[in-house]
Amino acid sequence: MERTDTTHRIQVEDYDLAATVTSGQAFRWRPSGTGWESAIQGTWVRIEASEPGILTATTATPQTDWRWLEHYLQSHVRLADVIATFPPDPPLLEAVQACPGLRLLRQDPWECLAGFILSSTKQIVQIQQCIELLCERAGQRLEAPPRSSILHAFPSADSVAQLGETALRECKMGFRAPYLLNAARRVADGSLDLEALRALPTAEARDRLVGLHGVGRKIADCVLLFAYGRQDAFPADVWILKVLRHLYFPKRAPSPRRLLRFVETHFGPNAGYAQQFLFHHARVHLGSSLGKPTKPKPKPRAPAASL
DNA sequence: GGCCAGGTGTACC
DNA sequence: GGTACACATGGC
């Protein structure tokens with residue numbers, strides 16, 4: 001007979017839960033006492049690094065099988081094996097040493113895709129706010145402790161599609177609202193089968209994702225890495241490009257295209273993990289010393305031809 | 001108030 | 001292959 005329980009202990013090695021859930025790969029983790037809470041596949045969960053080598057998870061409803069959570073956390077991954085595949089270069093090793101236990105999660109593809117569609121030119125806090133509004137509006141109410149800050153599941157593509165553009169704009173999505181709506185419709189009507197992408201080679205899966213309006217290389221790579229576990233995918237945003245230039249090409253400024261080519265050959269089969277270390281290290285430890293990410297500045301517009 | 005934010009689409013050259 | 005700009009919204 002299966003045992004049911006609302007708490008579960010997961011043995012881990014080199015797992016920094018706080019760094020992992022705040023590293024910009026997932027948007028629905030909130031501090032909860034000395035731990036973190038979120039909703040994963042329609043289940044409210046709270047996790048705490050209760051003692052060394054143990055993550056203790058709590059749910060509001062009894063579970064017989066906790067594999068869904070272990071899969072999400074990727075708690076079985078031996079980080080040392082991943083790091084062993086990295087090239088022996090000083091900047092990367094420094095980032096690795098600065099963020100011990102930083103992990104990649106394995107998220108639901110739809111939630112991940114939707115989240116990153118909303119991420120473009122938004123700060124992480126604003127992405128979080130926008131997603132919470134969407135969840136409150138269209139996500140199913142969860143069974144959760146009363147004062148929990150996560151009370152709704154992430155809405156299905158169907159639910160988002162039924163919401164319509166006006167309601168999505170009310171969730172402060174701005175110009176991203178039609179992008180998300182279109183993606184939701186494509187997933188809901190089956191013309192984009194997110195499950196089928198699992199079987200495709202990375203490049204082909206990427207092409208399918210980029211076929212969506214509002215999804216370019218960067219967002220597609222986020223979904224490939226954070227939801228499909230394609231660890232060779234390397235999401236290259238303005239920060240990472242800045243970091244790469246700073247660390248690897250201080251004397252010249254290769255174009256983003258050339259930098260991507262460098263990434264493909266340099267970092268190896270777990271380039272995505274390397275990206276996560278470089279990104280998190282730069283964001284948390286280097287901060288402003290790196291300067292703002294360089295972005296072409298729009299020229300001042302010509303004054304309107306009128307008095 | 002102006003600038004900027006884990007980008008992308010479109011219009012140009 | 002490259003560059004420039006618009007696209008909403010909120011925080012500083």
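Please read these numbers as outputs of a predicted model, since none were measured by experiment. Convention: sequence-line order gives letters A, B, ...; per-chain numbering from 1.
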Trainee: When you check the phosphate oxygens OP1 and OP2 of C:dG2, does a side-chain N or O of A:Ser255 lie under 4.0 Å from one of them?
Mentor: yes
Trainee: Any base atoms under 4.0 Å from A:Gly24, or only sugar-phosphate, or nothing? Heavy atoms, all strands.
Mentor: base
Trainee: Quick check on DNA chain B: between A:Gln275 and A:Gly214, whose nearest nucleotide comes earlier from the 5' end?
Mentor: A:Gln275
Trainee: Let me know, please, whether A:Ile240 or A:His213 comes out on the 5' side of the other along DNA chain B by nearest nucleotide.
Mentor: A:Ile240
Trainee: Could you tell me whether A:Val215 contacts a base, only the sugar-phosphate backbone, or nothing, with contacts defined as non-hydrogen atoms closer than 4.0 Å?
Mentor: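 Sugar-phosphate contact only.
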Trainee: Rounding to an integer number of angstrom, what distance separates B:dG6 and C:dC12 when you compare their P atoms?
Mentor: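 Per the computed distance, 13 Å lies between those P atoms.
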Trainee: If we count only N and O atoms by modelled type, under 3.5 Å, do the side chains of A:Ser23 and A:Thr20 hold a donor and an acceptor together?
Mentor: no
Trainee: Looking only at side-chain N and O atoms, does A:Lys172 come under 4.0 Å of OP1 or OP2 in C:dG10?
Mentor: yes
Trainee: Select base, sugar-phosphate, or nothing to describe what A:Glu170 touches, counting heavy atoms under 4.0 Å on all strands.
Mentor: nothing
Trainee: Would you say B:dG7 has OP1 or OP2 under 4.0 Å from some side-chain N or O of A:Arg217?
Mentor: no
Trainee: For B:dT8 and C:dG10, measure between their P atoms and round to the nearest Å.
Mentor: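 Rounded to whole Å, the distance is 23 Å.
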Trainee: Answer with yes or no whether A:Gln129 presents, from its side chain, a donor or acceptor under 3.5 Å of a partner atom in the base of C:dG11.
Mentor: no
Trainee: With no hydrogens and no angle check, do the side chains of A:Thr58 and A:Arg46 hold a donor and an acceptor under 3.5 Å apart?
Mentor: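 No - no donor-acceptor pair under 3.5 Å links their side chains.
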Trainee: Please measure how far the C1' atom in C:dC5 lies from the corresponding atom in B:dC4, and state the result in whole Å.
Mentor: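 It works out to 15 Å between them.
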Trainee: Base, sugar-phosphate alone, or nothing: which one does A:Phe279 contact when heavy atoms must sit under 4.0 Å apart?
Mentor: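 Base, at least one base heavy atom under 4.0 Å.
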Trainee: So which nucleotide from B:dA5, B:dG6, C:dA8 ends up closest to the side chain of A:Phe175?
Mentor: C:dA8
Trainee: Counting distance only, does the side-chain N/O of A:Gln162 pair as donor-acceptor with the main-chain N or O of A:Ser159 below 3.5 Å?
Mentor: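 No, because the side chain of A:Gln162 does not come within donor-acceptor range (under 3.5 Å) of the backbone of A:Ser159.
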Trainee: Using the P atom as the reference point in each nucleotide, state the distance between B:dC3 and C:dA6 in Å, no decimals.
Mentor: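 It works out to 13 Å between them.
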Trainee: Listing request: all side-chain hydrogen bond (donor to acceptor under 3.5 Å, both in side chains) pairs with a residue in residues 211-228 of chain A, at least two apart in sequence or in separate chains.
Mentor: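 Listed by first then second residue: A:Arg206-A:Asp221, A:Arg217-A:Asp221.
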Trainee: Base, sugar-phosphate, or nothing: which does A:Arg176 touch, judged by heavy atoms less than 4.0 Å apart?
Mentor: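 Base contact.
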Trainee: Classify the nucleic acid contact of A:Leu212 as base, sugar-phosphate or nothing, counting any heavy atom under 4.0 Å across all strands shown.
Mentor: sugar-phosphate
Trainee: Indicate whether any N or O donor in one side chain lies under 3.5 Å from an N or O acceptor in the other, for A:Ser148 and A:Glu37.
Mentor: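 Yes - a donor-acceptor pair under 3.5 Å links their side chains.
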Trainee: With a 4.0 Å limit, can you tell me whether A:Arg169 has a side-chain N or O closer than that to the phosphate oxygens OP1/OP2 of C:dA8?
Mentor: yes
